[in-house]
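Worksheet: one structure, shown below.
When a residue number appears, it is its place in the shown sequence, counting from 1. Indexing begins at 1, ligand by ligand and atom by atom, following the structure's order. These numbers come from a predicted model, not from an experiment.
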Amino acid sequence: MDRPQPDVVPGRLTAAEIERNFRDLHPPLSKSEALIAADRCYFCYAAPCTTACPTGIDIPRFIQSIRSGDIEGAARTILSENVMGGMCARVCPTEVLCEQACVRNAHEEKPVDIGLLQRYATDPVFESGQQLFERAQPTGKRVAVVGGGPAALSCAHRLACLGHEVTVYCRDAKLGGLNEFGIAAYKTVDDFAQREVAWILSIGGIEVRTGVALGGELSLAQLCCGHDAVFLAVGLAGVNALGLESENLPGVVDAVEYIAGLRQARDKSQLPVGRRVVVIGGGMTAIDIAVQSRRLGAEDVTIVYRRGQEHMGASRFEQELAQGSGVRIRHWARPVRLVGKEHVTRVEFEYTRIDPDGRLEGTGESFALQADIVFKAIGQEIDWDELGAASRVLRVSNGRIGVDAHRKTSLDNVWAGGDCVAGGQDLTVTAVQDGKIAAQAIDRYLRSGG
Ligand SMILES: Cc1cc2nc3c(=O)[nH]c(=O)nc-3n(C[C@H](O)[C@H](O)[C@H](O)COP(=O)(O)OP(=O)(O)OC[C@H]3O[C@@H](n4cnc5c(N)ncnc54)[C@H](O)[C@@H]3O)c2cc1C
Ligand code: SF4
């Protein structure tokens with residue numbers, strides 16, 4: 001039987017319980033733990049962990065620095081390749097990147113704790129605000145960076161180091177992008193995203209204008225006229241639709257929007273939480289909204305994904321984190337009907353399978369789940385409408401901005417990177433790398449007379 005009233009209320013748990021539930025997922029290592037972890041490294045030649053790191057951090061080198069007590073040197077090695085090495089130490093899916101490649105896996109089925117060691121090395125920099133880099137002589141060149149997330153900030157920092165004058169134009173009131181508004185709260189505690197932004201900006205040479213949007217207050221033509229080069233890093237502002245009738249029913253909620261509210265909430269116990277929560281999707285966002293719903297006090301949380309476990313975008317570690325938090329994951333089913341009059345109360349699903357041609361098809365069998373809240377977490381897309389005229393002049397590839405290997409768009413003096421470009425992995429670390437590659441390409445262009 002459907003309940004007449006949805007059970008969505010704040011205060012399912014006390015503030016103290018919520019604080020406990022949202023503690024640091026991976027607490028930092030103590031000095032002795034770090035030394036023991038560092039001792040496990042073989043300091044491999046042509047280290048596979050470094051090859052697997054999208055930003056190419058020299059991992060054995062920074063671990064060696066930790067061993068010899070040179071924590072600042074370790075931080076310098078990390079941050080010179082990845083200026084968001086502090087955030088990436090917290091949020092990178094290391095289990096499918098550097099730690100998966102670590103040769104220790106073959107011997108002991110346990111990699112060196114690279115992520116935790118990276119955090120150990122970089123935390124002191126953000127605690128003290130110590131500046132590790134110097135700006136080159138001013139070049140007199142001006143670059144516009146559009147966006148405030150990892151790709152934009154990485155590009156801005158590298159350009160500023162190279163002596164260019166940068167202006168960051170960001171739609172949100174705060175910089176950080178999804179580091180500030182998207183990443184699960186238990187991965188980045190104590191306002192780390194803003195401390196990292198402040199440290200990045202402390203290099204100097206970066207002017208920030210928040211609350212201004214490309215396609216709104218700004219046009220691409222204006223930016224190209226007023227600057228020597230432009231870097232676009234606007235992320236993915238649009239949300240994929242389920243394509244069902246009643247998708248606008250109250251209680252059917254965009255997971256990313258809810259998470260943004262959660263990340264900004266001063267008191268999480270005041271957030272409305274459903275008793276029975278259904279999440280549709282199979283990626284990191286689906287896991288994050290499911291786990292955070294449980295940690296806010298939802299009783300019954302189920303993720304439903306249309307394909308098998310091995311097809312999920314979320315890593316095995318993330319899936320286990322969800323299951324360990326009491327989230328049920330059901331595979332091979334897709335939603336076919338959202339039921340409810342004034343508020344969603346139930347979702348009907350059809351089982352799925354792969355047909356002989358490799359396509360997903362419904363089996364005709366169905367089941368239903370009662371729901372007070374249904375979270376849509378089936379991916380995001382560029383909001384082309386929001387970008388105004390820019391959307392008509394940029395080459396599009398697979399629904400995103402088309403770029404070459406140097407992150408150059410089809411326009412002469414415009415580069416792009418991060419989630420908004422085609423071919424990426426939609427991770428913080430790959431966005432940082434895009435910003436770095438684009439900054440280096442922009443620098444070459446500006447020095448060659450552009
Ligand atoms: C819920 C969720 C959880 C995630 N968890 C992880 C994780 O644990 N680990 C991980 O590695 N990755 C994770 N990701 C992915 C990661 O956050 C992104 O890949 C990364 O933030 C992309 O960086 P970006 O700079 O391209 O875009 P974003 O971080 O999305 O930043 C885009 C920026 O552009 C600005 N902007 C947008 N439109 C305009 C405009 N028209 N004009 C001006 N400014 C504009 C926005 O204000 C924002 O500052 C997660 C993503 C989501 C949605
Ligand atoms: S692969 Fe593992 S053992 Fe080898 S250098 Fe990297 S972290 Fe050290």
Side-chain angles (χ1 to χ4, degrees), residues 25 37-38 40-54 58-64 84 87-88 90-94 97-107 111-114 117 145-155 168-184 187-188 209-218 232-237 239 255-256 258-260 262-263 283-289 292 314-315 318 377 379-380 382-383 386-388 390 416-421 424-432 434-435:
L25 183 62
R40 293 188 61 240
C41 182
Y42 291 141
F43 307 105
C44 307
Y45 181 70
C49 53
T50 291
T51 311
C53 171
D58 188 339
I59 292 168
R61 182 165 172 213
F62 92 69
I63 295 179
Q64 183 64 272
M84 289 201 160
M87 183 59 80
C88 288
R90 292 159 166 78
V91 308
C92 256
T94 50
L97 296 171
C98 55
E99 292 183 12
Q100 185 181 54
C102 177
V103 298
R104 273 279 184 186
N105 282 312
H107 298 175
V112 172
D113 284 325
I114 301 169
L117 285 169
V145 169
V146 185
L153 292 170
S154 155
C155 186
V168 171
Y169 299 93
C170 178
R171 183 198 56 191
D172 292 334
K174 274 186 184 174
L175 295 186
L178 289 169
N179 285 356
E180 173 62 34
F181 295 98
I183 300 280
K187 289 188 186 170
T188 167
R209 300 211 192 146
T210 52
V212 287
L214 177 65
E217 297 78 2
L218 302 168
L232 302 176
V234 292
L236 301 173
V239 178
V256 174
Y258 187 89
I259 292 171
L262 188 159
R263 283 292 309 275
M284 208 146 8
T285 305
I287 298 286
D288 284 0
I289 190 63
Q292 290 180 109
S315 70
E318 301 272 349
Q380 293 167 269
I382 290 200
D383 187 339
E386 199 191 271
L387 296 183
D419 287 1
C420 68
V421 302
Q425 282 178 284
D426 294 354
L427 293 173
T428 307
V429 66
T430 48
V432 172
D434 278 0

>> Between L387 and L232, does the side chain to side chain contact (heavy atoms under 4.5 Å, CB included) criterion hold? Intermediate values first, please.
In response: CA-CA 11 Å; L387 296 183; L232 302 176; over 6 Å; no
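- With sequence neighbours excluded, the residues that form a side-chain contact (heavy atoms from CB on, under 4.5 Å) with D288 are A184, Y186, K187, I259, M284, Q292, E318.
- For atom 4 (C) of ligand 1, the nearest non-hydrogen atom from the set V429, N179, D288, L178 comes from D288.
- The minimum heavy-atom distance linking A233 with A152 is given by the pair CB-N, 3.7 Å.
- Ligand-side atoms of ligand 1 in range of M284: 5 (N), 6 (C), 7 (C), 8 (O), 9 (N), 10 (C), 12 (N), 13 (C), range being under 4.0 angstrom from any heavy atom.
- T430 contributes atom OG1, which lies 5.5 Å from atom CD of Q425 (distance to the nearest 0.5 angstrom).
- Put simply, CD on E180 and CG on D172 are 9.0 Å apart, with the number rounded to the nearest 0.5 Å.
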>> Assess the residue pair V256 and T285 against the criterion (side chain to side chain contact (heavy atoms under 4.5 Å, CB included)); give the C-alpha distance rounded to whole Å, side-chain angles, the decisive distance to 0.1 Å, and a yes or no.
In response: CA-CA 7 Å; V256 174; T285 305; 3.8 Å; yes
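- Shortest contact from atom 8 (O) of ligand 1 to any protein heavy atom: K187 NZ, 2.7 Å.
- Nearest residue to atom 50 (C) of ligand 1 from I183, L236, T428, L387 is I183 (criterion: closest heavy atom).
- Remark: R61 CZ is loosely packed, at most 12 non-hydrogen atoms of other residues, nucleotides or ligands lying under 6.0 Å away.
- Residue V146 has at least one heavy-atom neighbour below 4.0 Å for each of these atoms of ligand 1: 42 (N), 43 (C).
- Set against the non-hydrogen atoms of G177, the atoms of ligand 1 under 4.0 Å away are 29 (O), 31 (O), 48 (C), 49 (O).
- The protein heavy-atom contact nearest to atom 47 (O) of ligand 1 is D172 OD2, 2.7 Å.
- Taking the side chain as every heavy atom from C-beta outward, T188 and N179 never approach each other to under 4.5 Å.
- Here the CD-SG distance, from E99 to C92, works out to 9.5 Å after rounding to the nearest 0.5 Å.
- The residue from L153, V91, L214 that puts a heavy atom closest to atom 41 (N) of ligand 1 is L214.
- Looking at atom 27 (O) of ligand 1, its nearest protein heavy atom turns out to be G235 CA, 3.6 Å.
- Note that the OG1 atom of T50 and the CG atom of D58 stand 5.0 Å from one another [nearest 0.5 Å].
- For the ligand labelled ligand 1, residue G215 lies outside the 4.0 Å heavy-atom shell.
- Considering CD1 of I114 and CZ of F62, their distance stands at 7.0 Å, rounded to 0.5 Å.
- Of all protein heavy atoms, the one lying nearest to atom 49 (O) of ligand 1 is G148 N, 3.0 Å.
- At least one heavy atom of A233 sits less than 4.0 Å from an atom of ligand 1.
- In this structure, the protein non-hydrogen atom closest to atom 52 (C) of ligand 1 is T285 OG1, 3.7 Å.
- Residue, atom and distance of the protein heavy atom nearest to atom 25 (O) of ligand 1 are A151 N, 3.0 Å.
- Side chain of D434 to main chain of G418: a donor-acceptor pair is present (N/O by atom type, distance under 3.5 Å, no hydrogens or angles).
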>> Pair E217, Y169 - check side chain to side chain contact (heavy atoms under 4.5 Å, CB included), show working.
In response: CA-CA 10 Å; E217 297 78 2; Y169 299 93; over 6 Å; no
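- Under the 4.0 angstrom criterion for non-hydrogen atoms, Q380 is in contact with ligand 1.
- Protein atoms of type N/O/S that fall under 2.8 Å from atom 6 (Fe) of ligand 2 number 1 in this view.
- Judged purely by atom type and a 3.5 angstrom limit, R90 has no side-chain atom pairing as donor or acceptor with the backbone of L25.
- Listed by number with element, the atoms of ligand 1 under 4.0 Å from a non-hydrogen atom of G182 are 1 (C), 2 (C), 3 (C).
- The minimum heavy-atom distance linking V112 with R104 is given by the pair CG2-CG, 3.9 Å.
- Remark: ligand 1 atoms within the under-4.0 Å shell around heavy atoms of I259 are 1 (C).
- Residue contacts with ligand 1 include V212, since one of its heavy atoms falls under 4.0 Å from the ligand.
- Contacts between R171 and ligand 1 below 4.0 angstrom, taking non-hydrogen atoms only, involve backbone and side chain alike.
- Among all protein heavy atoms, the one lying closest to atom 18 (C) of ligand 1 is D419 OD2, 3.3 Å.
- If you take CG on L117 and SG on C98, they are separated by 10.0 Å, rounding to the nearest 0.5 Å.
- Selection from G149, G418, G147, P150 by nearest heavy atom to atom 23 (O) of ligand 1 gives P150.
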> Under the side chain to side chain contact (heavy atoms under 4.5 Å, CB included) criterion, do R40 and D113 qualify, and how do the steps go?
Replying inline: CA-CA 9 Å; R40 293 188 61 240; D113 284 325; 5.5 Å; no
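- Taking every heavy atom of A431 and a limit of under 4.0 angstrom, the matching atoms of ligand 1 come to 22 (C), 23 (O).
- Regarding atom 15 (C) of ligand 1, its nearest protein heavy-atom neighbour is D426 O, 3.4 Å.
- Shown here for I63 and C41, the closest heavy-atom pair between the two residues is CG2-CB, 3.8 Å.
- Residue contact check: C170 has heavy atoms under 4.0 Å from atoms 44 (N), 47 (O), 49 (O) of ligand 1.
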